[in-house]
> 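Before anything else, here's the structure in question.
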Amino acid sequence: MEKKSESRTITTDGRLLLGVMERDGVETVWDRLKAQQPQCGYCDLGLSCRNCAMGPCRIDPFGEGPQLGVCGADADIIVARNLGRMIAAGAAAHSDHGRDLVEVLAAVARDEAPGYGIGDEEKLRRVAAEYGIDTAGVRGAKEIAADLADALFEEYGTRKGHLTMAGRAPAARRETWKRLNITPRGVDRETSEMMHRTHMGVDNGWQSLLLHGLRNALSDGWGGSMIATEVSDILFGTPAPRPTKVNVGVLREDEVNIVVHGHNPVVSEMVLRAATNPELIALAGERGAAGINVAGLCCTGNELLMRHGIPIAGNHLMSELVLGTGAVDLMLVDYQCIMPSLGAIAPCYHTKMVSTSDKARFPGMEHIEFHPDNAAAEADHLVHLAIDSYGRRGRVTIPVEPVDAVGGFSVEAIIGALGGTPAPLVEAIRVGKVRGAVGVVGCNNPKITHDFGHVELTRELIGHDCLVVDTGCAAVANAKAGFKVNEAVRYAGPGLREVCDALGIPPVLHLGSCVDNVRILVLAAALADHLGVDISDLPLAGAAPEWYSEKAVSIAAYFVASGVHTVLGPMPPVGGSANVVNLLTVGLTDLLGASFSVEPDPHQASLLIRRHIEAKRKGLGLSHEVPQ
Ligand code: BF8
Ligand code: SF4
């Protein structure tokens, strides 16, 4: 048993809770992965297609069986179409999340969202000015918010020909996009066009399909996700560094525990507010609880962690295991990355499960729909449900103490820590104390030992003087590993250590949720602009060591299209086409100055990344070495 849990996760809380769930006969994601073996080899290579009813079709990778689908599509077309649809789904998820935030902003402007307000008026004015909105002092915040919400809705189907926020990219990058005809035109347009192109009988050029995939991804990175992040900051405040705690040890045995899971901060912000309502705290006290504790999971958790220092109980592969503590009185979900298994596991441990979004239903969960106009009242109701559930607890197992971390590194906070300009970071890179910076991002995937990819890669990178910025489930993994306190400089190489000590920052900076990957784009653009170069000239890289989701494919594609070389852990389903693989891993370098690599071994991935960084240093005329 011990051995099995060790191959499944590197985390102590994960291993101990796997033991609990095994004792209780509860099936988890790892058991289901095993039951699915062998997984379909055609699908794994991207060689199956069910885009129409003449199919489903598959291409024989060994050249003996069919080489064409019924319509005549070959391996290159089928692989490129499948990848295109993954990007479209990922971009749609992020962008639709962004639209939900814009709806709240519009409702706030109309005074139809009780409990919500403008959390960062300075940012509201700054973003509004970017959209050419009159922000003169006499105009009130709500008036400006109304105009900005209109302008942002317009981005989803813009007729301007390009997204406004794409203007944040360095001029050289925008020129490249223009030359390749991949400037993102509208958030919904690119996703819709991808679905069109991949319909039978439309785009059958594997190269043009892949190029449109990049444009679709850019409409996420410099569009939908960027809108999600910016509007979340405007509504709930721009993050600043603050301490927090991580792992399942953040649950409290003597308090009512509410765990918020998903991605959209709209519901969780309101629940957090309700949890501080003195009447509800008093009610919890009457039921014998010492308080009401809100903790996060996945990216909703990251949103609250970034802005309020709310503790986070775990990342993707902890979402089932956390129920095994028997200490989760209410789990509240919004959307994305919520395993439909949760509703079946929860009753084994008394946990009340509630879904909140009209577009995300789950078996075994009560559905209580949140809208801007009813959110404040519903949040109080949910806290009541949690207090009731506390009284039904059985055995509680909280097997570890939480780990300290610091989150909240928005670009504004990072530039603030640098003294208001990127110059000190650029200088540290120039003199070689910091070799470069790497975004370690993305999910967990049960095909990779939980957190191993993130933690080992990050440990190696900071040990070799690369600053790491992270988001999503990677950020939670690195926080659990203890990399996000100032004392973590002990894991850093001497140069990075000196710089972090001088600035008073950890060697791994938590930039937020997955939509917050756009903070990495904005930071990269600021560094490039400061030096007067393109993003692809900088000693930067991205990595998604344990990715699983379609959103991660979109993120990786917009990183590469923005000029950031990106290393994936798990292989995407493209192996069935040598042409597609070659374009993604080699050919894109000529077009974009960046491409993809795939390397599941974190030590090898670190080597690849450091070689790339040293090559970029050389290109900039900086000191460089040959990483071994
Ligand atoms: O958006 S990192 S497993 S939780 S997809 Fe999901 Fe992946 Fe986690 Fe956040 Ni991002
Ligand atoms: Fe088969 Fe072509 Fe239809 Fe795909 S689109 S299922 S390859 S016939």
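Residue numbers count from 1 along this sequence. The figures here come from the full heavy-atom set of this structure, side chains too, leaving out hydrogens, waters and symmetry mates. Just follow the structure's listing: the first ligand is 1, and inside any ligand the first atom is 1. Values in this document were obtained by computation on a predicted structure and should not be read as measured data.
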> Ignoring waters, how many N, O or S atoms from the protein are under 2.8 Å from atom 4 (Fe) of ligand 2?
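Atoms of protein N, O or S type lying less than 2.8 Å from atom 4 (Fe) of ligand 2 total 1.
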> What I want to know is whether Lys551 and ligand 1 share at least one N or O pair that is separated by under 3.5 angstrom.
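Yes - when backbone and side-chain N and O of Lys551 are compared with those of ligand 1, one distance drops under 3.5 Å.
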> Honestly, is Arg58 close enough over Tyr42, meaning NZ or CZ under 6.0 Å from the six-membered ring centre and within 45° of the axis?
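Geometry flag: set, cation within 6.0 Å and 45°.
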> Could you tell me if Glu190 and Ser219 have a donor-acceptor pair between their side chains, going purely by distance under 3.5 Å?
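No, no side-chain donor-acceptor contact under 3.5 Å.
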> Is there a donor-acceptor pair under 3.5 Å between the side chain of Thr244 and the backbone N or O of Gly309?
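Here the side-chain-to-backbone pair exists.
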> Please report the interatomic distance NZ(Lys480) to NE2(His454), rounded to the nearest 0.5 Å.
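Output value for this atom pair is 9.0 Å.
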> Among all residues two or more places apart in sequence or in another chain, which pass the ring pair (Phe, Tyr, Trp, His ring centres under 6.0 Å) test with Tyr548?
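Only His316 meet the ring pair (Phe, Tyr, Trp, His ring centres under 6.0 Å) criterion with Tyr548.
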> Which is it for Ser357 and Asp334 under the side-chain hydrogen bond (donor to acceptor under 3.5 Å, both in side chains) test, yes or no, and what are the steps along the way?
CA-CA 5 Å; Ser357 164; Asp334 49 84; over 6 Å; no
> Looking at residues at least two apart in the chain, or sitting in another chain, which of them share a salt bridge (charged side-chain N to carboxylate O under 4.0 Å, His left out) with Arg81?
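Salt bridge (charged side-chain N to carboxylate O under 4.0 Å, His left out) check on Arg81 returns nothing, list empty.
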> In the protein, how many N/O/S atoms are under 2.8 Å from atom 8 (Fe) of ligand 1?
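For atom 8 (Fe) of ligand 1, the figure is 1.
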> Identify, for atom 4 (S) of ligand 1, the protein heavy atom at the shortest distance, and state residue, atom and that distance.
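Protein heavy atom with the smallest distance to atom 4 (S) of ligand 1: His263 NE2, 3.3 Å.
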> Counting only heavy atoms closer than 4.0 Å, does ligand 1 sit against the backbone of Tyr548, its side chain, both, or neither?
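Just the side chain.
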> Determine whether Asn315 and Asp451 satisfy the following criterion, side-chain hydrogen bond (donor to acceptor under 3.5 Å, both in side chains), listing intermediate values before the conclusion.
CA-CA 9 Å; Asn315 47 7; Asp451 285 359; 2.9 Å; yes
> Any Lys/Arg nitrogen of Arg32 or Glu320 sitting under 4.0 Å from an Asp/Glu carboxylate oxygen of the other?
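Salt bridge between Arg32 and Glu320, a charged N being under 4.0 Å from a carboxylate O: yes.
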> From Asp13 CG over to Thr325 OG1, what is the distance, rounded to the nearest 0.5 angstrom?
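These two atoms lie 10.5 Å from each other.
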> Can you tell me if Asn302 and Asp516 form a side-chain donor-acceptor pair at under 3.5 Å?
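No - no donor-acceptor pair under 3.5 Å links their side chains.
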